[in-house]
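The chains referred to below are lettered A, B, ... by the order of the sequence lines, with proteins before strands, and numbering in each begins at 1.
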Amino acid sequence: MLPHEESTDSFKLVLLGSTDVGKSSLVLRYIRDDFREIVSTTGCAFFTQRINLQGKNLHFEIWDTAGQERYHSVCHLYYRGARAALLVYDITSKETFSRAQLWLQELQKYVLNGKMVIALVGNKSDLHDNRKVSTEDALAFAEQKQLLFMETSAKTGSGVNEVFEAVASKLLTLEKQKEENQHISRISLQETHSPSEGHRCCTSL
Amino acid sequence: MSAGASRDVGMMAEVSQSSDLAQGGSVEQEGADHQEHIENETCPETLQAPIDISEVEPTNTKLEISDKESHHGDEDDSRNDPNHSLLKAATDAINEQCSCTDGSLEDKPKVSDETEEAPSFMEQSGGLVEEEEMSNGGLKRDSKETTKEDKGSLDAGECLQQSCNTDGETDIMYDCSQPPQPMHTTGEEPLCKDTTDGKDTEMIHEKSPEQSNIEASPNETKLNNGLMDSEQRQLEDDYKELADTASDNTLEDSGDFPGISSVVGGVTSDASPPTTPVQREEDVTAESWRTKRKHVFVLSEAGKPIYSRYGNEEALSSTMGVMMALVSFVQSGNNAIRSIHSDAQKVVFLQQGPLVLVSVSRAPQSEEQLRKELQYVYYQIISMLTQASVARIFERKKNYDLRRLLAGSEKILDSLLDLLDTDPGFLLGAVRCVALPSPLRDSLSSILTKAITPNLVFSILVAEQKLVTVVQERAVIEDCRLDPADLHLLLNLIGASSAFQAGEIWTPICLPRFNPDGYFYAYISYLDPECTVCLVLLSTDKESFYAVSGCKKKIQEAMEAQNSLQALAGALRCCSYSVSLVGVPELLHFVYKPLDIPETYRQLPQFTSPETDGPYSSEEERQRLFDLYRYLHCRIHSSARPLRLIYHVAEKETLLAWVTSKFELYTAFSSLVTKVGAINVITKLLRWIKREEDRLFIRYPPKYSTTPVPGKGAKSSKSDRTDSSQNGFFTGL
């Protein structure tokens with residue numbers, strides 16, 4: 001019981017994407033429900049957020065990384081052990097979308113056997129007049145790579161909570177599957193174990 | 001106003017040469033352990049202080065000064081006889097020289113083979129060299145700069161000066177890295193004669209075509225388009241090549257992020273030029289851009305724009321090309337351009353490794369002060385990238401676009417430049433502390449001293465951009481202290497990044513004065529919801545985030561237990577004080593930097609000053625006051641004629657600056673104050689500061705924290721991360 005509870009408790013989530021796509025704004029909207037003109041993140045910013053989903057308490061450890069090249073050396077440290085990632089791009093910039101695809105390749109090097117929940121997030125959906133990346137393209141890409149996909153606007157708040165919740169519920173589903181697997185293995189372990197234990201009991205008696 | 005200026009220059013000469021000439025405006029007083037010279041500039045025409053200052057700038061080229069003096073000397077002869085005669089005595093040779101240059105300066109551009117006789121300038125540049133030595137600290141310098149020059153033999157030949165007549169006068173000053181020539185003292189001979197080195201002479205003639213170039217573009221805005229275009233094209237071609245080597249060119253550690261360029265393929269080759277923030281779209285051809293008070297440009301040796309204070313660097317690439325052309329032209333003669341002086345503007349150059357920094361300023365600041373500001377800009381860049389990696393990047397790729405790595409840092413540089421124009425701390429090389437009752441400060445320090453983890457070297461508590469306390473680790477920093485410049489850069493970084501206000505930040509940062517080539521890892525977090533109190537923990541281990549974050553928890557808990565945060569908030573409310581607290585109505589403002597700090601404590605230099613309220617509540621007035629302080633600072637610290645005491649009557653106030661072995665003080669009085677009155681006020685002020693000094697300054701800095709036994713320090717909040725203490729920092733010790 002105890003180990004399984006711990007593992008559902010805390011999830012490490014990283015935000016990746018080019019400079020100026022709104023990673024920090026997304027986090028700020030999610031954590032504080034606030035929007036500000038933010039200057040670019042320095043290094044990495046660490047946040048924690050507790051949420052309650054499907055009657056379970058989840059604990060997000062959010063790593064908001066800086067998009068700048070000069071910080072790559074530090075930020076990759078935090079892919080390690082990450083259970084979820086948001087790949088953020090700016091719908092008004094094709095470049096950031098291509099960049100997000102690269103981030104995905106980069107990320108997959110660090111991900112152990114595809115256990116990571118990855119969401120593709122098209123931010124700045126409020127600027128749809130300047131849209132350069134069509135929803136269809138992004139969706140197609142997301143489907144091809146089996147990513148969650150959503151368009152958000154940190155400015156208006158649309159879709160922000162939804163993205164995090166979708167990631168959280170996907171994580172929970174994965175956990176549940178894992179839990180079931182573990183359960184099976186535990187039972188089998190106990191099965192093999194119990195005779196020996198019984199045996200020991202017997203000998204001690 | 002310029003009359004006042006000319007007298008002022010005369011006084012300078014007087015003070016340094018004969019201190020017994022206490023007549024007229026110059027008063028000599030007997031100080032406790034030094035001589036004090038009071039200079040009186042009673043001329044009511046010292047109205048436009050800025051212009052006044054720019055004219056008396058000691059670093060002005062001789063030509064300019066002497067030219068003006070000869071004119072004003074005539075006008076003022078009757079009014080200011082003693083001064084003028086002294087001036088004459090001091091600058092006799094120059095006046096003669098000037099009378100002939102006057103005529104020749106009228107219409108055509110002329111390379112005036114003028115002699116730099118004036119000892120002031122020679123010493124000045126000697127001082128500059130020293131200054132650079134000092135401020136560079138551990139920085140590597142190219143061989144040219146390092147050439148140790150004997151101050152005594154730094155002669156005129158090393159300080160070439162050429163002038164041409166554009167709309168006003170434009171003087172180009174650059175010093176020579178040739179082996180020093182013997183001291184030359186006869187002022188009348190043309191330069192090419194006295195510098196017997198053929199190279200110098202040759203260079204002057206070579207310079208001529210360049211001169212006419214400057215002629216054509218007095219404000220460095222027009223350029224040789226053809227040349228730049230082709231260069232530009234070539235550079236653009238290089239982008240593509242660059243894309244393939246991008247990962248090599250990134251930070252030293254970015255081998256950790258390999259292969260991105262290889263995956264990028266076609267994507268990055270057009271994506272690699274950084275996306276410049278849209279806000280910087282200022283029309284660089286507009287008059288409003290041209291008339292900015294101070295421009296700062298950073299470019300690479302290949303002439304590639306890196307940063308501009310105003311306007312988009314991209315749009316300025318041609319202007320920067322011209323700057324680079326100037327730099328490299330002078331360089332080709334084994335020389336280094338230092339500054340260009342014109343009537344309204346100064347252009348100051350600073351070359352640091354592969355970067356060239358240029359300041360174009362209308363502000364009444366000395367060349368030295370402008371260069372120091374450029375040095376700060378350079379340091380701020382280094383603080384993000386380290387000197388070693390900048391050098392390495394440009395070694396591999398001469399025309400690398402450094403904006404790739406500096407993307408997003410424009411705001412930090414902008415805010416630094418704003419601070420440089422408002423915060424006396426940069427000028428004084430001192431930090432401002434939060435005024436706190438000393439028991440509270442001590443208790444906060446002891447909290448910091450206790451929350452330690454391996455590799456944690458500095459714990460800094462900051463409130464409202466001011467220092468509360470700093471604790472340093474014994475083993476690492478015993479013989480090295482945190483430099484105020486590093487702290488300024490750090491505080492600027494925090495202030496400029498509102499992103500810090502949420503969450504816990506973990507970022508690599510270099511403290512250039514401490515070690516220009518290495519990174520610290522800074523943990524930055526606000527301790528209160530209002531984001532006034534900020535904790536900065538510097539570690540040498542990039543993996544130690546969770547351990548350091550654990551320290552913060554410990555600090556926060558201890559603060560809660562002792563209720564220190566509330567106490568601090570209470571103290572902050574009355575932390576900034578009004579000058580009226582001193583209780584002397586004549587005193588308008590002051591800046592005080594104590595110098596009697598016990599060396600054993602390796603204390604940070606500090607300063608205090610009241611709020612700029614009363615007459616200085618408006619932005620313009622504040623700027624004006626700061627300009628006056630700058631002026632006094634430059635006079636006090638003039639390497640040619642350092643002064644102990646200046647009594648300066650300005651347009652709206654009277655100022656007195658005073659340096660002793662115990663303090664450095666700048667004061668502004670209402671203009672009705674008399675000399676005696678001012679001295680009385682200062683006595684009262686000093687007494688008040690003495691009474692308050694425990695509150696205003698960190699008098700007794702906290703003891704060093706000691707290296708924790710691994711495992712004994714703060715518990716890591718997450719056990720999945722082990723504190724690897726295999727950092728180079730510790731093993732090296």
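The line from CD of A:Gln68 to CE of B:Met384 is 10.0 Å long, rounded to the nearest 0.5 Å.
Minimum heavy-atom separation, A:Gly43 to B:Pro508: CA-CD, 4.5 Å. For the pair B:Ile505 and A:Thr42, the tightest heavy-atom approach, listed with the atom from each and the gap, is CG2-O, 3.3 Å. Annotation for A:Arg70 and B:Ser409: closest pair NH2-CB, 3.8 Å, computed over non-hydrogen atoms.
Contact annotation: the side chain of A:Phe46 approaches that of B:Tyr546 to within less than 4.5 Å [non-hydrogen atoms, C-beta and beyond]. With contacts defined as side-chain heavy-atom distances shorter than 4.5 Å, the pair A:Trp63/B:Phe545 qualifies.
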